[in-house]
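Read through the structure below, which is laid out as structure tokens, and then see the notes.
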Amino acid sequence: MEEQMVKSIQNIVVKDRKVCELEGVKKLDSFDNKEFLIDTTSGYVHIKGNNLSLGVMDMEKGILSIFGTVDSIVFLDKSKSDKKEGFFTKLFK
């Protein structure tokens, strides 16, 4: 039972805007050097920045790290994350 609680926790740590570490990651939907879209236990997280690159990714443990300059982190509601096409349509207008 404790193991289920750990998996449902979402933590995001940003160190000096150069390293972003996430826990509670379910899936990495998409990424490039300017943005990451990550499905977490608390909904989607959209991270924007410059020269972003994928560091450690362990989906069994639900952890992910991103290197580069982090400019913004946006949390999307679970209800909005269910409508990914709408989000992408708005994102690429």
Side-chain angles (χ1 to χ4, degrees):
M1 185 164 187
E2 187 175 325
E3 184 176 304
Q4 286 178 321
M5 288 176 49
V6 172
K7 289 183 179 182
S8 67
I9 294 174
Q10 177 197 31
N11 288 316
I12 299 176
V13 176
V14 179
K15 298 177 181 176
D16 198 28
R17 292 186 59 190
K18 301 291 181 197
V19 178
C20 185
E21 298 171 343
L22 295 94
E23 293 179 38
V25 175
K26 293 180 359 185
K27 181 172 73 168
L28 176 59
D29 269 11
S30 64
F31 72 97
D32 60 26
N33 66 341
K34 296 205 180 273
E35 61 188 356
F36 278 67
L37 182 62
I38 305 157
D39 186 8
T40 72
T41 56
S42 298
Y44 276 83
V45 175
H46 186 219
I47 298 174
K48 288 186 176 182
N50 290 306
N51 300 318
L52 299 178
S53 63
L54 182 62
V56 174
M57 184 169 91
D58 186 338
M59 291 298 101
E60 286 182 19
K61 293 181 180 177
I63 59 172
L64 178 118
S65 63
I66 300 169
F67 299 101
T69 304
V70 176
D71 292 331
S72 70
I73 299 173
V74 178
F75 300 91
L76 305 171
D77 291 345
K78 281 190 174 195
S79 60
K80 289 180 185 177
S81 67
D82 291 339
K83 301 175 183 177
K84 287 189 280 186
E85 291 87 9
F87 171 74
F88 284 114
T89 302
K90 290 177 185 176
L91 183 65
F92 293 113
K93 278 187 178 179

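The residues of the chain are indexed from 1 along the displayed sequence. Quick caveat, the model's predicted, so the values are computed rather than measured.
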Q.
Which heavy atom of Phe36 sits nearest to which heavy atom of Asp32, and what is that distance?
A. CE1-O, 3.6 Å
Q) Same cluster or not: are Leu37 and Val74 linked, directly or through other Ile, Leu, Val, Met, Phe, Trp or Tyr residues, by side-chain heavy atoms under 4.5 angstrom apart? A) yes
Q: Report whether Phe67 and Val14 are members of the same hydrophobic cluster (ILVMFWY, side-chain heavy atoms less than 4.5 Å apart, transitive linking).
A: no
**Q.** Rounded distance [0.5 Å steps], CD1 in Ile38 versus CZ in Phe31
**A.** 10.0 Å
Q: Quick one: pull up OG1 in Thr41 and CD in Gln10 and give me the separation to the nearest 0.5 Å.
A: 5.5 Å
Q. Looking only at atom types and distance, does a side-chain atom of Arg17 sit under 3.5 Å from a main-chain N or O of Val70, one as donor and one as acceptor?
A. yes
Q: Indicate if Leu22 and Leu54 have the same hydrophobic cluster label, given that clusters are the connected sets of ILVMFWY residues with side-chain heavy-atom separations under 4.5 angstrom.
A: yes
Q: Might you work through the side chain to side chain contact (heavy atoms under 4.5 Å, CB included) test for Asn50 and Asp71, ending with a clear yes or no?
A: CA-CA 8 Å; Asn50 290 306; Asp71 292 331; 3.3 Å; yes
Q.
Please report the interatomic distance CG(Leu76) to OG(Ser42), rounded to the nearest 0.5 Å.
A. 12.0 Å
(Q) Side-chain heavy atoms nearer than 4.5 Å, only ILVMFWY residues, links allowed to pass through others: does that put Ile63 and Ile9 together? (A) no
**Q.** Reported CG-to-CD1 distance for the pair Leu64 and Ile12, which is rounded to 0.5 angstrom
**A.** 10.0 Å
Q.
Test your reading of the model: is there a side-chain donor-acceptor pair from Thr40 to the backbone of Gly24, 3.5 Å cut-off?
A. no
Q. In the single-linkage hydrophobic clustering (I, L, V, M, F, W, Y; side-chain heavy atoms under 4.5 Å), do Leu52 and Phe75 co-cluster?
A. yes
Q | Minimum heavy-atom distance between Glu35 and Lys48, given as atom pair plus value | A | OE1-CE, 3.9 Å
